[in-house]
Engineer: 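I have a structure I would like to understand better, so I am pasting it below and will then ask my questions one at a time.
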Amino acid sequence: ASDTSHLETLKGLIASLPEEVTEDNADEVRTQLAEIFSLYEALSEDEQEQIDLSYCYELKEKLDANLLVAAEGEVASVTVGNITTNYTTIEEAFTAANAAGKATITLLDNCDAPENSTLTSSGSDITLDLAGYTLTGNGQTSVITVAENTTFTLKDGTGTDKGTITGGFADNGGGVFVSVGASFTMAGATISGNSVSASIGISYGGGVYVDGDARFTMTGGIISGNSAANSVGCGGGVCVGRSYSDSGSVGGRFTMTGG
């Protein structure tokens, strides 16, 4: 039989595991779990029957999936490859994701867009997971602008479409403005409560505006309760536009297969 002190040590390690795994304690929890599993393997079958590892496996799954609880004040995380970093503002998260090129931004709490500017997705392939939270615009610009010739995906990892983009107000594309040549896929979440109203000319796309040669593919989610104000507003939910050059004009494209 194994040393009974190992059994007591194991019970103590399990009892001392934290209630939540955060970015700050993740490495310590990984080390503690490794020690727990190692001690467990050294026990006899009779001793193993006295140990409940269900909570240990629960914490391991969260670590493996990078499901870390945000520290106070952190509103979003950015995952690049297998590395996840948390940020205290959504603007910082977008900046980090854009610098990486390909990254996933995940909301950790409800948050507000910057006061005077849109959130620009300029990385080559950026995914925003609202994770059930709300991203509120500043009421002066599009909430999100997808830069020219880039790819942007919106989803809600909870599968509920509760995550919402709202509060955008612009000449075109109150919720999301998809620039020339860009690709926007909406796989989930909700775009609601955004509007457009141009002081001069026509306003387009209260929820989403798709510029010339841009692509918007909607496979899931909800677009509702957006508006294009005044008598010459077009497309309260989605508006597909055109871009012009010396060689002519080219239209955008909207494909809807779900939602």
Side-chain angles (χ1 to χ4, degrees), residues 18-26 62 65-80 84-100 103-123 126-146 152-170 173-178 184-196 205-209 218 220-227 236-237 259:
E19 292 184 3
E20 296 177 325
V21 181
T22 68
E23 190 176 53
D24 292 336
N25 70 8
K62 290 181 178 180
N66 282 317
L67 298 177
L68 309 185
V69 176
E72 185 175 357
E74 293 175 338
V75 300
S77 69
V78 175
T79 301
V80 180
T84 298
T85 305
N86 292 356
Y87 294 89
T88 56
T89 69
I90 188 64
E91 188 174 17
E92 290 175 333
F94 265 81
T95 298
N98 290 335
T104 296
I105 304 168
T106 303
L107 294 196
L108 304 173
D109 201 350
N110 299 322
C111 58
D112 298 329
E115 284 188 16
N116 301 310
S117 63
T118 183
L119 289 165
T120 299
S121 176
S122 60
I126 302 298
T127 296
L128 174 61
D129 181 355
L130 296 180
Y133 295 108
T134 297
L135 172 57
T136 302
N138 54 39
Q140 303 175 59
T141 65
S142 304
V143 182
I144 294 173
T145 296
V146 184
F152 177 73
T153 300
L154 176 67
K155 68 177 187 177
D156 187 338
T158 66
T160 63
D161 294 331
K162 180 181 177 182
T164 303
I165 289 177
T166 190
F169 181 83
V176 179
F177 183 99
V178 189
F184 170 37
T185 297
M186 184 173 179
T190 296
I191 297 176
S192 181
N194 305 282
S195 60
V196 290
V208 178
Y209 177 69
M218 186 174 179
I222 300 167
I223 299 176
S224 67
N226 304 284
S227 63

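Because only heavy atoms are used, hydrogens play no part in the values below, and waters and symmetry mates are left out as well, while side chains stay in. None of the values given here were measured: they were computed from a predicted structure.
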Engineer: For Gly173, is there any backbone N or O sitting under 3.5 Å from a side-chain donor or acceptor partner on Ser142?
Structural biologist: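 Yes, because the side chain of Ser142 sits within donor-acceptor range (under 3.5 Å) of the backbone of Gly173.
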
Engineer: Does a side-chain heavy-atom distance below 4.5 Å link Leu128 with Thr104?
Structural biologist: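 When only atoms from C-beta onward are counted, Thr104 and Leu128 do not touch, as no gap falls below 4.5 Å.
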
Engineer: Quick one, Val143 with Asn194, criterion side chain to side chain contact (heavy atoms under 4.5 Å, CB included). Give me CA distance, side-chain angles, the key distance, then yes/no.
Structural biologist: CA-CA 9 Å; Val143 182; Asn194 305 282; 3.7 Å; yes

Engineer: Could you tell me whether a side-chain N or O of Asp109 sits under 3.5 Å from a main-chain N or O of Tyr133, the two making a donor and an acceptor?
Structural biologist: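 No.
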
Engineer: One pair to check against side-chain hydrogen bond (donor to acceptor under 3.5 Å, both in side chains): Thr120 and Thr145. What are the steps and the verdict?
Structural biologist: CA-CA 5 Å; Thr120 299; Thr145 296; 4.9 Å; no

Engineer: Any donor and acceptor pair, going by atom type alone, linking the side chain of Thr136 with main-chain N or O of Thr166 inside 3.5 Å?
Structural biologist: no

Engineer: Distance only, no hydrogens: is a donor on one side chain within 3.5 Å (strictly under) of an acceptor on the other, for Thr95 and Glu91?
Structural biologist: no

Engineer: Sort out for me which residue in Asn138, Leu135, Thr141, Asn98 forms a side-chain contact (heavy atoms from CB on, under 4.5 Å) with Leu119.
Structural biologist: Leu135

Engineer: With no hydrogens and no angle check, is any side-chain donor or acceptor of Asp112 less than 3.5 Å from a backbone partner on Ile90?
Structural biologist: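 No: the side chain of Asp112 does not pair with the backbone of Ile90.
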
Engineer: How about Thr190 and Lys162: do any of their side-chain heavy atoms sit closer than 4.5 Å?
Structural biologist: no

Engineer: Please check: side-chain N/O of Ser227 versus main-chain N/O of Gly236, any donor-acceptor pairing under 3.5 Å?
Structural biologist: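 Here the side-chain-to-backbone pair does not exist.
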
Engineer: Looking at OG1 of Thr153 and CD1 of Ile126, how far apart are the two atoms once the value is rounded to the nearest 0.5 Å?
Structural biologist: 9.5 Å

Engineer: For a quick check under 3.5 Å, do Thr160 and Thr158 share a side-chain donor-acceptor pair by atom type?
Structural biologist: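 Thr160 vs Thr158: donor-acceptor pair found between side chains.
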
Engineer: Locate the shortest heavy-atom distance separating Ser224 from Ser192; write the atom from each residue and the value.
Structural biologist: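 It is O-OG, 2.8 Å.
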
Engineer: Are the side chain of Gln140 and the backbone of Ser117 linked by a donor-acceptor contact shorter than 3.5 Å?
Structural biologist: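 Not at all, since once roles are kept as given, no pair shorter than 3.5 Å links the two residues.
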
Engineer: Phe152 versus Val178: any side-chain heavy-atom pair under 4.5 Å?
Structural biologist: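 Heavy-atom side-chain distance check fails, nothing below 4.5 Å.
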
Engineer: Side-chain contact, heavy-atom cut-off 4.5 Å: Val176 with Phe184?
Structural biologist: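 Counting from C-beta outward, Val176 and Phe184 do come under 4.5 Å.
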
Engineer: Look at the side chain of Asp161 and the backbone N and O of Ala189, then say whether any donor-acceptor pair between them is shorter than 3.5 Å.
Structural biologist: yes

Engineer: Do Thr89 and Tyr87 come close enough that some side-chain heavy atom pair is under 4.5 Å?
Structural biologist: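 A side-chain contact under 4.5 Å is absent here.
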
Engineer: Treating Asn226 as the side-chain partner and Ser195 as the backbone partner, does any N or O pair qualify as donor plus acceptor under 3.5 Å?
Structural biologist: no

Engineer: For the pair Ile223 and Met218, evaluate side chain to side chain contact (heavy atoms under 4.5 Å, CB included) and give the outcome as yes or no after the intermediate values.
Structural biologist: CA-CA 10 Å; Ile223 299 176; Met218 186 174 179; 3.8 Å; yes

Engineer: Considering non-hydrogen atoms only, spot the tightest contact between Gly157 and Asp129 and give its length.
Structural biologist: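 Scanning both residues completely, I find the closest heavy atoms to be N-OD1, 2.7 Å.
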
Engineer: Less than 4.5 Å apart, side chain to side chain, heavy atoms only: is that true for Ile105 and Phe94?
Structural biologist: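 Yes. Closest side-chain heavy atoms under 4.5 Å.
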
Engineer: Is there a side-chain contact between Leu154 and Leu130 (heavy atoms, below 4.5 Å)?
Structural biologist: yes

Engineer: For Ala76 and Ala93, which heavy atoms make the closest approach, and how far apart are they?
Structural biologist: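 Minimum heavy-atom contact is CB-CB, 3.9 Å.
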
Engineer: Using a 4.5 Å cut-off on heavy atoms from C-beta on, say whether the side chain of Val75 contacts that of Leu107.
Structural biologist: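 They are not in side-chain contact.
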
Engineer: Under the side chain to side chain contact (heavy atoms under 4.5 Å, CB included) rule, what do Met186 and Ile191 come out as? Steps first, then yes or no, please.
Structural biologist: CA-CA 10 Å; Met186 184 173 179; Ile191 297 176; 3.8 Å; yes

Engineer: Indicate the atoms forming the closest heavy-atom contact of Ala103 with Val80, along with that distance.
Structural biologist: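 Nearest heavy atoms, Ala103 then Val80: CB-CG2, 3.8 Å.
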
Engineer: Where the side chain of Asn86 meets the backbone of Ser77, is there a donor-acceptor pair that is under 3.5 Å apart?
Structural biologist: no

